[in-house]
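Have a look at the structure below, then the notes.
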Amino acid sequence: MTEPLAPQYNPSVIESALYAWWQERGVFSPDGAAARGSAGEPYVVMMPPPNVTAALHMGHGLNNTVQDVLIRFERMRGRRALWLPGTDHAGIATQNVVERLLAKEGLTRFDLGREAFVERVWAHVHDTGAAILDQLKAIGCSADWSRTYFTLDEGLSRAVREMFVSLYEEGLVCRGHYIINWCPRCLTALSNEEAEKAEVDGKLWHLRYPLADGTGYLTVATTRPETMVGDSGVAVHPDDERYRHLIGRELRLPVVDRLIPIVADAAVDPAFGSGAVKVTPAHDPADFEIGRRHHLPAIDVLTPEARISLAAPERFQGLDRYEARRRVVAEFEAAGLLERVEDHRHAVGHCYRCDTVVEPRLSDQWFVRMEPLARPALEAYRNGTLRFIPERRGDDYVQWLEGIRDWCISRQLWWGHRIPVWYCQREGCERTSVSRTDLEVCPACLGPVRQDPDVLDTWFSSWLVPFSGLGWPERTTDLATYYPGHTLVSAADILFFWVARMVMSGLHVMSEVPYTHIYLHGTVRDTQHRKMSKSLGNGIDPLEVVERYGADALRYSLVSGMSVGTDVILDPDDLEASFAPGRNFANKLWNAGRFILSNLDGPVRPLAGSGPTVVRRDELTLADRWIIARCDAAVRETTDALERFRLNEAAAAAYRFLWSDLADWYIEQIKPRLYGDLPGGDVARAVATQTFDVALRLLHPVMPFITETLWRRFPGRPAEASISLSPWPRPDARAEDPEALAEFGLVQEVVGAIRGIRAEYGVQPGQAVRAVVGRNGGAAHAGLSRERATILRLAKVSELAFGESTERVGGNAVLSDGTSVFVPLGDAIDVGRECGRLGSEVERLSKLLRAQEGKLGNPQFVTRAPTDVVEKERQKLAAWKEQCEVLVRKRELLGCS
RNA sequence: GGGCGAAUAGCUCAGCUGGUUCAGAGCGCCUGCCUUACACGCAGGAUGUCGGGGGUUCGAAUCCCUCUUCGCCCACCA
């Protein structure tokens, strides 16, 4: 712990060992906090459980960095912070992964059979070993890994079954025969949310259906001509004058040569297409409803793979849906029944896991009746219990809940929670039993039973995690302590899949919302604003960034580039551009710490408290008071920003304090004191050490590794002490010091002005200059003489005088409060150039003056604007006037023409 | 089709309740510096009709309207 620090921060040698140390120390566990006697209120964040087979991508990086910042912040504030991690069995996704592996061996899951396949998936999941959790550790996530759950483990499986059965008993889970979204590739039903609508360029075919009596035809318009082999009617609007006379008559369906009726239904929009709709009850939700109202048969003409079924004419059977589409159109055309074809852009559902176009399909599935669950969830938002950050996201939530439809939860997969329903096989009984325990026989007749072959939607297990992850349905201590939670951090893409549903289940089961704040962050995109994805190859591997720049640089870059609700843009082709700022900042922090540490020569005097060594207020220089006041401001700004979920502002406030205030000014200012050239070294060491300590703590949530490493190096730290458990800095009213801020601010301005003049006239860096500061300033002037040494040193000034300069030739500047600064340059200066410079400056000021005089000459402004604003503007005018006069005088002195 | 958001320096973005953080930061660019914490650094500098137009106001990057351009969410007009 005492070996010298390298001049460059090297994250790789520090991070993994430090992480292991945190874990050993149990700093991530809220139980540890309780054991240490920290009886703070719990603060709970539910981690969106990554898929077991997933690899970490930038989306995870962003999402988990945000959560870690919040949890570390609250942990330091003394809350019993629990970040509950887990993994999701991810039904379709994981099954797809293993099926692809099997395909490489030339096998399908059907070759293995259900039991062997499920074993194979378990083996795969075991092999991948939830590697993503280790990857989250690599970026510093401080989740309580001792509580990690898996949505398919025993406890959560019991929770899933309890939920299913009790909802069934309440009549909220039921089996139904409806049109659902079917993925012909995954061979399963999907929920509405899992069928992602995407606009596609399609066609609208206008097909003629001849009247049965041969007296003409009726034209229908369709985007899916192949489904016509399943038509069982044609519908028109009851008030449509064009077709009224046809209602009740029959059409001869071409291709299949079947008679179908023309019915009247108000659902038809007379303005669209031809105003007549072919009705295919088995393959369209609207048609299904129309068919039901008019008792039209539902003819299923598609197989699970979306090929034409045996219900269609033989020549179509077995054809792929798109091939069938071409053949149907061709037959209409050949028969002269194809009226026309229009281009038609419309929204089509796509499987969210494999992007295959989904097929609406009639089948028996299990559903959750959502409306009764949605009502309390809406109420929780409307009465302010549940809040969104950013606020406008609440609109999406409301819109979805208001239009909520029943949730299809059965999946024709093998990987997942088996549906706890058994069907009696005995003829005459055939009872359906929904049970918390596995059944061997029918409870009614003791006959043989068969369990429903389907599994549940993955989201049916993950919507329970705020309580199932804490032990529900058992009444555990964890459940009592950590439910309800507080903040849920998510990207918007799983708002409906997961976030909103957890609110519903939480209110229903636990009678309380699972969290009060929903923070929705943006998406990680590339410079063309495309979402980063494996298929586009525009992703950035967070682990590569960790390797090259360190976890802290990754985290800082993500957080600083992220404003509430907006996307984070990163350049996959130039990691340097995206992550170097974070790396540079870490290095700056490292070196500031290295500098302060290397200048400590013993115990550091305390700044507060009691005792003989406490630094007295009268020992503080202006610079000391200034950095203490700036430090206090940084505490306020950072804390306030974190409380408002403005992580980027928090990072910026701490960054500014560390780099612009502490490193650029304060550390530079105290060097002569530290080196013994000026007295007060012990005070400087005390102030530097203690303000730097605050900076470390303010930065710790964002940059945990480097701050911990440096923090532990400071003298007086017990071996087991961790910054993670040190208290979050508190604002201190005694540190506020507007006088010091103003006075040192003027010192900074003087230094800046002299440096500017030096640079402008090309004064050699090693060459000292003299400077004369006018006495025309205000109250802040007192600081200039008190920090004379600072000005001499930082502006490389050999002699600083106050008053009017008697010399003519040199560089001039005017400070914000009207103070003039003159740097005599003798022969070194080009008088003509200075004349020109002063001339253009006078011109600029004159323009400002004219505008300002106009403003103040406007009676409307003077009478209507608040008096303090008018007064400010008057002062501004006075200051500019004075500056202008100074410059004009200079011009005269120089003899400018 | 309905709803929402964004447009500010070459790039990525701050700018919150109209008025000294008001035109900013980081990166990039230019000039000069290996000043004993840091060249992943220091000092200085250039770059903007705050998307166009209109309005409200004493005063607009900020509020309103409108247009343009890009996003996002929702949607059973087949």
Side-chain angles (χ1 to χ4, degrees), chain A residues 5 7-9 179 197 204 220-224 227 235 267-280 284-290 344 346-347 360 390 392-393 395-396 399-400 403 492-493 495-496 522-523 525 527 529 549 553 557 560-563 565-571 574 576-578 580-599 644 646 648-649 652 655-656 663-664 667-668 671 675 752 755-760 762-766 794-796 816 855 858-866 868-870 872-873 875-876:
Chain A
L5 300 174
Q8 267 197 4
Y9 174 57
I179 298 275
K197 288 293 167 77
L204 191 60
V220 299
T222 180
T223 54
R224 294 186 298 156
T227 63
V268 177
D269 175 4
F272 186 85
S274 64
V277 187
K278 60 189 271 310
V279 181
T280 322
D284 183 279
D287 290 8
F288 178 75
E289 295 301 326
I290 296 174
H344 182 61
H346 60 140
R392 62 190 152 77
R393 286 293 182 177
D395 295 345
D396 296 344
Q399 191 184 11
W400 184 71
D493 57 353
L495 176 59
F496 306 139
T523 309
R525 297 175 185 278
T527 47
H529 294 215
Y549 305 102
S557 304
S560 64
M562 177 190 83
S563 144
T566 61
D567 291 338
V568 175
I569 311 294
L570 297 171
D571 187 350
D574 189 357
E576 186 80 9
S578 301
R583 176 202 57 191
N584 296 353
F585 182 48
N587 193 239
K588 187 72 185 179
L589 189 57
W590 180 256
N591 275 287
R594 202 162 70 95
F595 176 80
I596 294 170
L597 281 168
S598 66
N599 281 288
R644 294 186 302 139
R646 295 177 176 244
N648 59 327
E649 290 179 25
Y655 179 102
R656 257 197 316 273
D664 286 350
I667 286 182
E668 290 308 322
K671 279 177 177 173
Y675 299 156
R755 281 172 174 173
I757 291 167
R758 294 178 60 107
E760 181 152 11
V763 177
Q764 291 302 323
L794 298 185
K796 193 83 187 160
S816 63
K855 194 181 209 176
N858 181 353
Q860 296 272 51
F861 174 69
V862 180
T863 52
R864 290 197 167 183
D868 60 313
V869 171
V870 176
K872 262 185 202 164
E873 296 300 321
Q875 283 170 10
K876 228 195 271 185

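Since this is a predicted model, take the numbers as computed values, not measurements. Below, chains carry the letters A, B, ... as their sequence lines are ordered, and counting in each starts from 1.
When every heavy atom of A/Val268 is checked against every heavy atom of A/Val277, the shortest pair comes out as CG1-CG2, 3.7 Å.
Rounded to whole Å, the P atom of B/C74 lies 42 Å from the corresponding atom of B/C29. Of the C1' atoms belonging to B/C13 and B/G53, the separation is 26 Å, rounded to the nearest Å. For the P atom pair drawn from B/G28 and B/A43, the interatomic distance equals 16 Å after rounding to whole Å. On the C1' atoms, B/C65 is 31 Å away from B/U12, given to the nearest whole Å. When the P atom is compared between B/U62 and B/G54, the two are found 14 Å apart, to the nearest whole Å. Spacing of P atoms, B/G59 relative to B/G18, comes out at 16 Å, to the nearest Å. Taking the P atom of each, B/G24 and B/C50 are spaced 13 Å apart, rounded to whole Å. Only the P atoms considered, B/G1 is 32 Å distant from B/C11, to the nearest whole Å.
Counting to the nearest Å, the C1' atom of B/G24 and the CZ atom of A/Arg656 are 10 Å from each other. B/C42 atom C1' lies 14 Å from atom CG of A/Asn584, rounded to whole Å. The distance between atom CG of A/Leu794 and atom C1' of B/G44, rounded to the nearest whole Å, is 15 Å. Between the CZ atom of A/Phe585 and the P atom of B/C27 there is a distance of 12 Å, rounded to whole Å. Rounded to whole Å, atom P of B/C42 lies 18 Å from atom CZ of A/Arg758. Taking atom NZ of A/Lys197 as the reference point, atom P of B/A75 lies 6 Å away to the nearest angstrom. Atom-to-atom, CD of A/Gln764 to C1' of B/U31 comes out at 13 Å; the value is rounded to the nearest Å. In this structure, the OH atom of A/Tyr655 is 10 Å from the C1' atom of B/C27, given to the nearest Å.
Salt bridge status for A/Lys278 with A/Asp287: absent, with no side-chain N to carboxylate O gap under 4.0 Å. The residues A/Asp395 and A/Arg392 are annotated as not salt-bridged, no charged nitrogen and carboxylate oxygen being separated by less than 4.0 angstrom.
Side chain of A/Ser578 to backbone of A/Asp571: a donor-acceptor contact under 3.5 angstrom is found. The main-chain N or O of A/Asn587 is found under 3.5 Å from a side-chain atom of A/Asn591 such that the two form a donor-acceptor pair. A side-chain donor-acceptor contact under 3.5 Å links A/Arg755 to the backbone of A/Leu794.
Where RNA chain B pairs in unbroken runs of 3 or more (Watson-Crick or G-U, both distances under 3.5 Å), the stems are B:1-7 with B:68-74, B:10-13 with B:24-27, B:29-33 with B:41-45, B:51-55 with B:63-67.
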Which atoms of nucleotides 34-38 of chain B (N or O only) lie under 3.5 Å from a protein N or O atom, and what are those distances?
residue : atom : partner  : partner atom : Å
B/A37   : OP1  : A/Lys671 : NZ           : 3.3
B/A37   : OP2  : A/Tyr675 : OH           : 3.1
B/A37   : O3'  : A/Arg594 : NH2          : 3.3
B/A37   : O2'  : A/Asn591 : OD1          : 2.4
B/A37   : O2'  : A/Arg594 : NE           : 3.4
B/A37   : O2'  : A/Arg594 : NH2          : 2.5
B/A37   : N7   : A/Lys671 : NZ           : 3.3
B/A37   : N6   : A/Ala663 : O            : 3.3
B/A37   : N6   : A/Glu668 : OE2          : 3.0
B/A37   : N3   : A/Asn591 : O            : 3.2
B/A37   : N3   : A/Ala592 : N            : 3.4
B/C38   : O4'  : A/Asn591 : OD1          : 2.9
B/C38   : O4'  : A/Asn591 : ND2          : 3.3
B/C38   : O2'  : A/Asn587 : OD1          : 2.9
B/C38   : O2   : A/Lys588 : NZ           : 3.1
B/C38   : N3   : A/Lys588 : NZ           : 2.8

Restricting to nitrogen or oxygen on both sides, can you table the protein-nucleotides 28-30 of chain B pairs closer than 3.5 Å?
none

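A distance of 5.5 Å separates OH in A/Tyr675 from CG in A/Asn599, rounded to the nearest 0.5 Å. Between the CD atom of A/Glu873 and the CZ atom of A/Phe861 there is a distance of 5.0 Å, given to the nearest 0.5 Å.
Taking 4.5 Å as the limit, every side-chain heavy atom of A/Arg393 sits out of range of all side-chain heavy atoms of A/Leu495. In this structure the side chain of A/Asp284 never reaches within 4.5 angstrom of the side chain of A/Val279, judged on heavy atoms. Using a 4.5 Å cut-off on side-chain heavy atoms (C-beta onward), A/Ser560 and A/Glu649 make no contact. Looking only at side-chain heavy atoms (C-beta outward), A/Lys796 and A/Pro765 stay at 4.5 Å or farther from each other.
Here A/His344 and A/Phe272 bring their ring centres to under 6.0 angstrom of each other.
Look at A/Lys796 and you won't find any side-chain N or O under 4.0 angstrom from OP1 or OP2 of B/A43. Proximity of A/Asn858 to the phosphate of B/G59: no side-chain N or O atom is located under 4.0 Å from OP1 or OP2. Here A/His346 does not reach the OP1 or OP2 of B/A75: none of its side-chain N or O atoms lies under 4.0 Å away.
Residues forming a side chain to side chain donor-acceptor pair (under 3.5 Å) with A/Glu668 (at least two apart in sequence, or on another chain): A/Lys671. Under the salt bridge (charged side-chain N to carboxylate O under 4.0 Å, His left out) criterion, A/Asp567 pairs with A/Arg525, sequence neighbours left out.
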What string of B, S and - do you get for nucleotides 1-19 of chain B, 5' to 3', if B is base contact, S is sugar-phosphate-only contact and - is no contact with any protein heavy atom under 4.0 Å? -B--S------SSSSB--B
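The residue A/Ala286 sits close to a base: some heavy atom pair falls under 4.0 Å. Using a 4.0 Å heavy-atom cutoff across all strands shown, A/Val268 reaches at least one base atom of the nucleic acid.
Using bins of under 30°, 30° to 60° and over 60° for the plane-to-plane angle, the ring pair A/Phe585/A/Tyr655 lands in the tilted bin.
The nearest heavy atom of RNA chain B to A/Val862 and to A/Ala759 marks one nucleotide each, and the one closer to the 5' end goes with A/Ala759.
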